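The structure appears right after this line, and notes come after that.
Not measured: the values here are computed from a predicted model.
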Amino acid sequence: MRTDEFWQLIDDARSGAGGEPDAVAARAVALLAERDPEEIVGYAHHQRRVLAASYRVDLWGAAYLINGGASDDGFEYFRGWLMTQGRAVFARAVGDPDALAELPQVRAAALSGEEFECEQMLAVPWDAYRKATASDLPAERDPVPVPDLNDFWDFDDEEEARRRLPRLAALFVEPPVE
């Protein structure tokens with residue numbers, strides 16, 4: 001499976017899910033389970049590549065601000081949600097995490113406190129493979145390296161958040177008193 005096919009499957013899942021992340025994941029499982037098992041394995045490989053590419057400190061900081069915190073698992077689930085938003089949103093967020101402040105649902109979350117996670121999206125290839133073959137997804141043959149996050153910053157440091165993610169900080173960090 002090629003990258004374009006990976007994202008097309010997610011777009012196809014999005015088209016009938018009404019924007020609900022768990023529904024996107026369920027539709028992705030159904031659509032992927034109709035494919036050849038090798039394609040499901042290819043999807044799993046692309047998903048690992050997408051998750052590795054998005055394993056970035058500033059994106060983690062964005063998830064932390066938006067969701068009011070983000071553990072290791074919380075950051076994984078946030079990136080699962082981000083996948084459900086489609087390729088353009090995902091790529092933009094990876095390249096410029098502060099751009100998430102432009103999404104209407106993120107802006108609304110600044111007032112509502114809504115959190116963005118989709119653990120089910122991470123399980124799509126495993127669930128689809130099991131549905132298609134009644135067996136477990138084979139272990140990965142060519143592991144995707146995960147980048148080393150050695151430039152962590154204190155996500156609770158409001159000044160650092162304002163410096164690194166100014167648009168998100170304006171939404172999720174109490175503005176400074178003048």
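Taking the six-membered ring wherever Trp is involved, the centroid distance between the rings of F78 and W81 falls below 6.0 Å.
Taking the side chain as every heavy atom from C-beta outward, E119 and D73 never approach each other to under 4.5 Å. At least one side-chain heavy atom of V106 sits under 4.5 Å from a side-chain heavy atom of F172. Side-chain atoms of R79 and L59, non-hydrogen and from C-beta on, do get closer than 4.5 Å to each other.
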**Request:** Please step through side chain to side chain contact (heavy atoms under 4.5 Å, CB included) for the pair F116 and N67, ending with a clear verdict.
**Result:** CA-CA 7 Å; F116 300 108; N67 284 349; 4.1 Å; yes

**Message:** Pair T3, R87 - check side chain to side chain contact (heavy atoms under 4.5 Å, CB included), show working.
**Reply:** CA-CA 10 Å; T3 301; R87 186 179 197 170; 3.5 Å; yes

**Message:** Show, in sequence, the C-alpha distance, side-chain angles and deciding distance for E115 and Y77, and conclude whether the side chain to side chain contact (heavy atoms under 4.5 Å, CB included) test is met.
**Reply:** CA-CA 10 Å; E115 294 182 12; Y77 306 157; over 6 Å; no

**Candidate pair L51 and M83, rule side chain to side chain contact (heavy atoms under 4.5 Å, CB included), full reasoning** = CA-CA 9 Å; L51 291 171; M83 285 173 56; 4.2 Å; yes

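In terms of heavy atoms, M121 sits closest to A28 at CE-CB, 4.5 Å. D11 and G86 make their closest contact through OD1-CA, 4.2 Å (heavy atoms, listed as atom of the first residue, atom of the second, distance). Closest approach of L168 and P97 over heavy atoms only: CD1-O, 3.5 Å. Contact between I40 and R35 at its shortest, heavy atoms only, is CD1-O, 4.0 Å. Nearest heavy-atom pair across A13 and L31 is N-CD1, 3.6 Å. When all heavy atoms of A33 and A132 are compared, the closest pair comes out as O-CB, 3.4 Å.
Applying the ring-ring contact (aromatic ring centres under 6.0 Å, His included) test to pairs two or more places apart or on separate chains, those with a residue in residues 87-110 are W7-F90.
Of the possible polar contacts, one joining the D98 side chain to the R167 backbone as a donor-acceptor pair under 3.5 Å is found. Side-chain atoms of Q47 come within 3.5 Å of backbone N or O of L122 as a donor-acceptor pair. The main-chain N or O of L137 is never found under 3.5 Å from a side-chain atom of R130 such that the two would form a donor-acceptor pair.
Ion pair D12/R27 not flagged as a salt bridge, since none of the NZ, NE, NH1 or NH2 atoms sits closer than 4.0 Å to an Asp/Glu carboxylate oxygen.
Atoms OH and OG, from Y64 and S71 in turn, are 10.5 Å apart once rounded to the nearest 0.5 Å. A distance of 9.0 Å separates CG of L82 from CZ of F75, quoted to the nearest 0.5 Å. Rounded to the nearest 0.5 angstrom, M1 CE and L32 CG are separated by 5.5 Å. The CD1 atom of I10 sits 11.0 Å away from the NE2 atom of H46 when rounded to the nearest 0.5 Å. Taking CD of E117 as the start and OG1 of T84 as the end, the distance is 12.0 Å to the nearest 0.5 Å.
Partners of E160 under the side-chain hydrogen bond (donor to acceptor under 3.5 Å, both in side chains) rule, at least two apart in sequence or in another chain, are R163, R164.
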